[in-house]
Amino acid sequence: GGQSHASREGINMAAAPRTVLISGCSSGIGLELAVQLARDPRQRYQVVATMRDLRKKETLEAAAGEALGQTLTVAQLDVCSDESVAQCLGSIQGGEVDVLVNNAGMGTVGPVEGLSIAAMQSIFDTNFFGAVRLVKAVLPGMKRRRQGHIVVVSSVMGLQGVMFNDVYAASKFALEGFFESLAIQLLQFNIFISLVEPGPVATEFEGKLLAQASTAEFPGTDPDTLRYFRDFYLPASRELFRSVGQSPQEVAQVIVKIIGKARPPLRRQTNARYSPLTLLKALEPSGALYVRTAHSLLFRWPRLLNLGLRCLAWGRLPTRVGPR
Ligand SMILES: NC(=O)C1=CN([C@@H]2O[C@H](COP(=O)(O)OP(=O)(O)OC[C@H]3O[C@@H](n4cnc5c(N)ncnc54)[C@H](OP(=O)(O)O)[C@@H]3O)[C@@H](O)[C@H]2O)C=CC1
Ligand SMILES: CC1=C(/C=C/C(C)=C/C=C/C(C)=C/C=O)C(C)(C)CCC1
């Protein structure tokens with residue numbers, strides 16, 4: 001209770017740093033968040049930056065600079081493996097995680113007819129069950145200590161569906177339902193949940209999706225659907241990333257602020273330029289306004305969509321797309 005709030009607000013400067021465990025730190029949002037927290041000017045955090053493949057650790061280590069080995073350590077963690085999770089948590093001093101950031105995730109695009117059930121399940125294994133696995137591992141300790149914060153990198157697609165992102169959106173909706181439910185119970189234990197909902201972010205995420213879209217054959221899909229996907233959706237999606245895409249640094253900054261709060265919010269969107277699109281659903285609960293507008297913008301008035309995106313992008317520098 002009171003003591004933790006005092007330390008979080010910096011009143012008790014001598015407070016021990018909080019241990020923050022982040023999944024998926026080989027690139028993108030996870031990497032940036034790990035570095036920003038480790039470089040906190042008030043040194044409030046001890047960061048365990050994890051990734052499933054340690055051969056990818058160089059970028060993170062270079063970005064961490066002097067923080068490496070001080071406020072940041074790198075550890076192996078595959079969110080799809082029970083053994084890996086157990087081993088990683090066992091290696092943490094005291095075994096206590098104060099803040100868990102479920103960031104690891106992957107996208108998938110394309111018509112559902114062309115995606116195998118196995119491929120869909122693997123998206124859920126990573127995005128949904130990966131987060132659930134980590135939560136099951138850290139929750140008993142948090143409950144015992146009556147303290148904790150669980151941050152989940154969800155998406156605007158955890159709030160509303162987007163054409164040709166059916167499975168990815170479903171995995172993010174699953175996170176939203178799971179963690180909103182958990183949030184109610186956990187208030188009893190002084191444990192907070194925060195679902196962070198970025199719009200498009202310039203990380204390796206988009207490149208991986210474009211690579212999938214260009215190599216996958218989506219067998220069993222009718223030619224009309226394939227044409228809608230390739231000639232309508234893909235160019236619009238590219239333009240959206242170019243115009244309103246955020247940098248991973250910006251998203252990480254929002255998460256750092258949330259972690260620093262004594263009363264963190266349950267939901268937080270990160271991209272004000274995307275919010276007109278999420279408003280379409282929030283303002284009209286039947287969903288018809290959002291679905292009809294998205295449909296029209298993509299299939300009937302693509303030039304209006306382009307114009308609209310350019311307006312939303314007004315006054316900002318184009319986001320550099322691609323790896324750090
Ligand atoms: N980029 C975007 O437009 C948006 C992204 N998001 C979400 O942000 C999160 C981070 O993505 P982002 O930084 O953009 O993309 P990146 O592709 O740059 O990073 C994804 C990270 O997740 C890791 N990962 C994948 N599977 C596993 C696994 N089984 N165990 C551990 N780590 C794993 C990847 O590791 P590896 O390198 O080994 O594959 C990588 O470190 C994701 O949850 C994504 O859904 C949300 C909204 C928008
Ligand atoms: C094409 C198109 C859309 C596309 C949205 C996209 C592509 C959002 C991507 C979000 C991401 C990448 C989130 C990651 O988690 C809208 C705006 C819904 C409606 C108009 C047409």
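Remember, it's a predicted structure, so these values are computed and weren't measured experimentally. In listed order, ligands and their atoms are each counted from 1. Both backbone and side-chain heavy atoms feed into the values below; hydrogens, waters and symmetry mates do not.
Within the structure, ligand 1 lacks Ser23 among the residues with a heavy atom less than 4.0 angstrom away. The closest approach between Gln160 and ligand 2 stays at or above 4.0 Å for every heavy atom of the residue. At least one heavy atom of Lys172 sits less than 4.0 Å from an atom of ligand 1. Look at Phe232 and you'll find every heavy atom at least 4.0 Å from all atoms of ligand 2. At a 4.0 Å cut-off, not a single heavy atom of Phe299 sits close enough to ligand 2 to count as contact. Within the structure, ligand 1 lacks Ala202 among the residues with a heavy atom less than 4.0 angstrom away. Within the 4.0 Å heavy-atom shell around ligand 1 one finds Lys208.
For atom 16 (P) of ligand 1, the nearest protein heavy atom (residue, atom name, distance) is Ser27 OG, 3.5 Å. The nearest protein atom to atom 10 (C) of ligand 1, hydrogens excluded, is given as Asn103 OD1, 3.2 Å; this is a heavy-atom distance. Scanning all protein heavy atoms for the shortest distance to atom 32 (N) of ligand 1 gives Ala104 CB, 3.4 Å. In terms of protein heavy atoms, atom 8 (O) of ligand 1 is closest to Val153 CG1, 3.3 Å. With respect to atom 12 (P) of ligand 1, the closest heavy atom belonging to the protein is Thr203 OG1, 3.4 Å. Annotation: atom 39 (O) of ligand 1 to nearest protein heavy atom, Arg52 NH2, 2.7 Å. For atom 6 (N) of ligand 1, the closest non-hydrogen atom of the protein is Tyr168 OH, 3.6 Å. Closest to atom 30 (N) of ligand 1, if we only count protein heavy atoms, is Val79 N, 3.0 Å.
Checked against a 3.5 angstrom limit, the closest N/O atoms of Ser237 and ligand 2 fall outside it. Distances between N or O atoms of Tyr233 and those of ligand 2 include no value under 3.5 Å.
Neither the backbone nor the side chain of Glu197 comes within 4.0 Å of ligand 1, counting heavy atoms alone. In Trp301, neither the side chain nor the backbone holds a heavy atom less than 4.0 Å from any atom of ligand 2.
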In a table with atom names and distances, give each donor-acceptor pair under 3.5 Å that connects a side chain of residues 169-183 to protein atoms at least two apart or in another chain.
from, atom 1, to, atom 2, distance (Å)
Ser171, OG, Asn127, ND2, 3.1
Ser171, OG, Tyr168, O, 2.7
Lys172, NZ, Val153, O, 2.9
Glu176, OE1, Arg267, NE, 2.7
Glu176, OE1, Arg267, NH2, 3.1
Glu176, OE2, Ser154, OG, 2.7
Glu180, OE1, Arg267, NH1, 2.9
Glu180, OE1, Arg267, NH2, 2.7
Ser181, OG, Gly177, O, 2.6

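Between Ser243 and Arg310 there is no side-chain heavy-atom pair separated by less than 4.5 Å. With a 4.5 Å cut-off on side-chain heavy atoms, His149 and Ser194 count as touching. A 4.5 Å side-chain heavy-atom check between Val20 and Leu33 finds every atom pair outside the cut-off. Looking at heavy atoms from C-beta onward, Leu31 lies out of side-chain contact with Met51 at the 4.5 angstrom threshold.
More than 12 heavy-atom neighbours from other residues, nucleotides or ligands sit within 6.0 angstrom of CZ on Arg145. With a 6.0 Å radius and a threshold of 12 heavy atoms from other residues, nucleotides or ligands, Ile117 has its CD1 atom at or below the threshold. More than 12 heavy atoms of other residues, nucleotides or ligands shown are found within 6.0 angstrom of CD on Glu284.
If you run side-chain contact (heavy atoms from CB on, under 4.5 Å) between Val254 and each of Val256, Ile258, Val251, only Ile258 comes through.
The aromatic rings of Phe229 and Phe218 sit perpendicular to each other, their planes meeting at more than 60°, with 30° as the lower class boundary.
Considering Asn127, Leu277, Leu240 only, the shortest heavy-atom separation from atom 8 (C) of ligand 2 involves Leu240. Residue nearest to atom 19 (C) of ligand 2, selected from Ser155, Ala294, Ser171: Ala294 (by heavy-atom distance). Within the set Gly199, Ser155, Pro200, the minimum heavy-atom distance to atom 48 (C) of ligand 1 is found for Gly199.
No path of Ile, Leu, Val, Met, Phe, Trp and Tyr side chains, each step under 4.5 Å between heavy atoms, connects Leu159 with Val167, placing them in separate hydrophobic clusters.
Judged by the 6.0 Å distance and 45° axis criteria, Lys143 is positioned over the aromatic ring of Phe189.
For atom 16 (C) of ligand 2, the nearest protein heavy atom lies 4.0 Å or farther away.
Under the salt bridge (Lys or Arg N to Asp or Glu O under 4.0 Å) criterion, Arg55 pairs with Asp53, not counting sequence neighbours.
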